[in-house]
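Before any comments, here is the structure.
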Amino acid sequence: MIALRERTVVSLQSVPSLPKHVRIQYDPVRQAFAVLSPEKVFWPNEISLDILRRCDGRSTVGHIIAHLASDYDADQEAVAVDVIAFLQEWSDKLLVKL
């Protein structure tokens, strides 16, 4: 019998971090940052990379959203929708811990 993992849902109080098996590394050949996971490589865009760098295990999702909205001079509600969706997707893929 296979045990199913319960899905963790992102909230504004979640404190995301990168699991030990995930790291961000610069690829000089492509001149881009890659997110490395066992047997997988992801090429995040600049904003996704900015979100991931803020997943430090100390900042809440709410703080990450507030800082991104300020840094990008964007509407906080619009940023919240995108950040929560991004973190939920990466959490579902076990690339972000909540």
Side-chain angles (χ1 to χ4, degrees):
M1 184 169 176
I2 297 174
L4 296 177
R5 180 179 74 91
E6 189 171 320
R7 182 181 197 214
T8 304
V9 177
V10 177
S11 74
L12 294 177
Q13 293 76 36
S14 298
V15 181
S17 64
L18 298 182
K20 291 179 183 183
H21 69 275
V22 175
R23 62 191 167 106
I24 299 171
Q25 182 173 314
Y26 185 73
D27 181 342
V29 174
R30 293 188 185 203
Q31 297 185 351
F33 283 92
V35 176
L36 307 176
S37 172
E39 301 184 26
K40 293 181 185 172
V41 177
F42 300 89
W43 300 96
N45 64 30
E46 182 181 328
I47 295 173
S48 297
L49 190 59
D50 204 3
I51 295 168
L52 291 172
R53 285 186 171 137
R54 295 169 193 258
C55 294
D56 57 11
R58 296 184 305 270
S59 301
T60 65
V61 171
H63 285 107
I64 291 170
I65 290 166
H67 288 124
L68 287 168
S70 174
D71 289 353
Y72 288 94
D73 193 26
D75 177 64
Q76 192 162 330
E77 288 183 24
V79 171
V81 169
D82 292 341
V83 169
I84 290 170
F86 174 81
L87 290 174
Q88 188 65 63
E89 179 183 344
W90 280 61
S91 171
D92 291 346
K93 293 178 181 176
L94 305 179
L95 298 169
V96 170
K97 285 191 319 186
L98 299 175

Should [X] and [Y] be counted in the same cluster of Ile, Leu, Val, Met, Phe, Trp and Tyr side chains packed under 4.5 Å apart?
{"X": "I47", "Y": "V96", "answer": "yes"}
{"X": "L98", "Y": "L12", "answer": "yes"}
{"X": "I65", "Y": "V9", "answer": "no"}

Applying side chain to side chain contact (heavy atoms under 4.5 Å, CB included), name anything that partners [X], two or more places apart in sequence or on another chain.
{"X": "D56", "result": "R58, S59"}
{"X": "S17", "result": "K97"}
{"X": "A69", "result": "Q76, V79"}
{"X": "V41", "result": "A34, L36, W43"}

### Query
Are more than 12 heavy atoms from other residues, nucleotides or ligands located less than 6.0 Å from atom CZ of R53?
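Enclosed.
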### side-chain contact (heavy atoms from CB on, under 4.5 Å) between V10 and V83, worked out
CA-CA 10 Å; V10 177; V83 169; over 6 Å; no
### Residue pairs fulfilling side-chain hydrogen bond (donor to acceptor under 3.5 Å, both in side chains) with at least one residue in residues 64-74, sequence neighbours excluded
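Every pair satisfying side-chain hydrogen bond (donor to acceptor under 3.5 Å, both in side chains) with a residue in residues 64-74: D50-Y72, R54-D71.
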### Query
Got a donor-acceptor contact below 3.5 angstrom from the S11 side chain to the Q13 backbone?
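Yes: the side chain of S11 pairs with the backbone of Q13.
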### Query
Does any N or O in the side chain of T60 come within less than 3.5 Å of the main-chain N or O of H63, such that one atom is a donor and the other an acceptor?
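Flag set: sc T60 to bb H63 pair under 3.5 Å.
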Hey, could you give me the [atom1]/[atom2] distance between [X] and [Y], rounded to the nearest 0.5 Å?
{"X": "L52", "Y": "L95", "atom1": "CG", "atom2": "CG", "result": "8.5 Å"}
{"X": "L87", "Y": "I64", "atom1": "CG", "atom2": "CD1", "result": "6.5 Å"}
{"X": "F86", "Y": "C55", "atom1": "CZ", "atom2": "SG", "result": "7.5 Å"}
{"X": "S91", "Y": "R7", "atom1": "OG", "atom2": "CZ", "result": "8.0 Å"}
{"X": "F33", "Y": "E46", "atom1": "CZ", "atom2": "CD", "result": "10.5 Å"}

### Task
Check whether any side-chain heavy atom of I24 lies under 4.5 Å from a side-chain heavy atom of L18, and answer yes or no.
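They are in side-chain contact.
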#### Entry: Non-neighbouring partners of N45 that pass side-chain hydrogen bond (donor to acceptor under 3.5 Å, both in side chains), sequence neighbours left out
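S48.
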### Query
Does a donor on one side chain and an acceptor on the other come within less than 3.5 Å for Q88 and D92?
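Short answer, yes.
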